[in-house]
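Have a look at the structure below before the remarks.
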Amino acid sequence: MSAVFTRNLTFKTNDLGADATLMLTFDKNITGLYHDKFPVCWKVSSFGSAGPYTLRATFQSQLAFVKPQVDGSDTIVDASTYKLINVGNKTSLTKDAKGVYHFSDVVDGEEGYLQAVNRCPLVEDMSIGFTKPNSNQEPTSVLYFKSIGNGAFIKAQFTPVLRAYITEQYQETQIIRAEVDTSSIWEKDLAGLDTNTTWVLTRDVASGSYKIKQG
């Protein structure tokens, strides 16, 4: 089991020159993306054209499988239940006679992967999220899996490569059903960062393009 780490990221602007909305999500190099698995919008923040603005985001590398509750706007609003899991572990989702979902205790699975089996009688959805260890905090979902059949399983690898986009199309915890229609302006593997980092968003007046550099 890898040591759990924390990454505190601060994104800042000052007199940006135009109103802009920054969106953060994990959508890098995931096989089958937008087919049977989908990234989830993690953070959204609007920055004004004049004056200082700040977005703070904290990632914890303790992962979990989640049985999500999704509303009519394709937004994950809650977790029915969840199970903390580490790479190389496997769990099973069941549903009892009262309609209550349960994840089994974790067992050894395939090395290098996170695995979850749908033992419910019908098709179900699940997600992978992260949370603060030993906190009882509900996990934040970052990758959503749809239409998992009875007896089928998720076999996933998750690398915390975070991307930033300038877009107003999404809200926090919304499932991103198709590729974001603008290019990312920044990406980092959070495992390779220091615990605390600051990033400055700027806008080029001539081109109108945005960039993020470490502050």
- Message: Does the structure place the NZ or CZ of Arg7 under 6.0 Å from the centre of the six-membered ring of Phe59, at an angle of no more than 45° from the ring's axis?
- Response: no
- Is the number of heavy atoms from other residues, nucleotides or ligands under 6.0 Å of Glu110 CD greater than 12? yes
- Message: Does Arg56 have more than 12 heavy atoms from other residues, nucleotides or ligands lying within 6.0 Å of its CZ?
- Response: no
- Examine Leu162 and Phe158 and state if one hydrophobic cluster contains both, with Ile, Leu, Val, Met, Phe, Trp and Tyr joined whenever side-chain heavy atoms are less than 4.5 Å apart. yes
- Message: Run the side-chain hydrogen bond (donor to acceptor under 3.5 Å, both in side chains) test on Thr131 and Gln137 for me, step by step, so that the C-alpha distance in whole Å, both residues' side-chain angles and the decisive distance to 0.1 Å come before the verdict.
- Response: CA-CA 6 Å; Thr131 188; Gln137 290 182 3; 4.6 Å; no
- Query: Of the non-hydrogen atoms in Leu22 and Ala164, which two are nearest, and what is the gap between them?
  - Reply: CD1-CB, 3.9 Å
- Message: For the CG atom of Leu9 and the CD atom of Gln214, what is their distance to the nearest 0.5 Å?
- Response: 9.5 Å
- Are any side-chain N or O atoms of Asp71 and backbone N or O atoms of Ser73, one a donor and one an acceptor, separated by less than 3.5 Å? yes
- Message: Looking only at the side chains, is there a donor atom on one of Thr91 and Ser104 sitting less than 3.5 Å from an acceptor on the other?
- Response: yes
- Positive for ring pair (Phe, Tyr, Trp, His ring centres under 6.0 Å) with Trp42, one of Tyr165, Tyr170, Phe26: Phe26
- Exercise: do Thr25 and Asp27 side chains pair donor with acceptor under 3.5 Å: no
- Task: Just grab all the salt bridge (charged side-chain N to carboxylate O under 4.0 Å, His left out) pairs involving residues 77-103, residues at least two apart or on different chains.
- Result: Lys83-Asp105
- Is the backbone of Ala79 close enough, under 3.5 Å, to the side chain of Glu138 for a donor and an acceptor to pair up by distance? yes
- Query: Within the distance-only criterion (no hydrogens, no angle test), does the side chain of Thr167 pair as donor or acceptor with the backbone N or O of Gln169 below 3.5 angstrom?
  - Reply: yes
- Message: Is the positively charged end of Lys155 above the ring of Tyr113, judged by distance under 6.0 angstrom from the centroid and angle within 45° of the axis?
- Response: yes
- Message: Under the criterion side-chain hydrogen bond (donor to acceptor under 3.5 Å, both in side chains), I'd like the reasoning laid out for Thr75 against Thr173: C-alpha separation, chi angles, the key distance, then a yes or no.
- Response: CA-CA 5 Å; Thr75 299; Thr173 74; 4.9 Å; no
- Message: With a 3.5 Å distance limit and no angle check, can you tell me whether Asp125 reaches the backbone of Phe145 through a side-chain donor-acceptor pair?
- Response: no
- Query: With no hydrogens and no angle check, do the side chains of Trp199 and Thr197 hold a donor and an acceptor under 3.5 Å apart?
  - Reply: yes
- Is a side-chain N or O of Lys37 found less than 3.5 angstrom from the main chain of Thr31, in a donor-acceptor match? yes
- When you look at Asp204 and Ser207, which way does the side-chain hydrogen bond (donor to acceptor under 3.5 Å, both in side chains) test go after all the steps? CA-CA 6 Å; Asp204 182 88; Ser207 66; 3.0 Å; yes
- Where is the tightest heavy-atom contact between Phe103 and Lys67, given as atom of each residue plus distance? CE1-N, 3.6 Å
- Message: Please check this pair: side chain of Ser46 against backbone of Thr21, looking for a donor-acceptor N/O pair closer than 3.5 Å.
- Response: no
- Task: Say whether, by atom type as modelled, one donor and one acceptor occur between the side chain of Asn150 and the main chain of Leu122 under 3.5 angstrom.
- Result: no
- Working to the nearest 0.5 Å, report the span between CH2 of Trp186 and NZ of Lys213. 15.0 Å
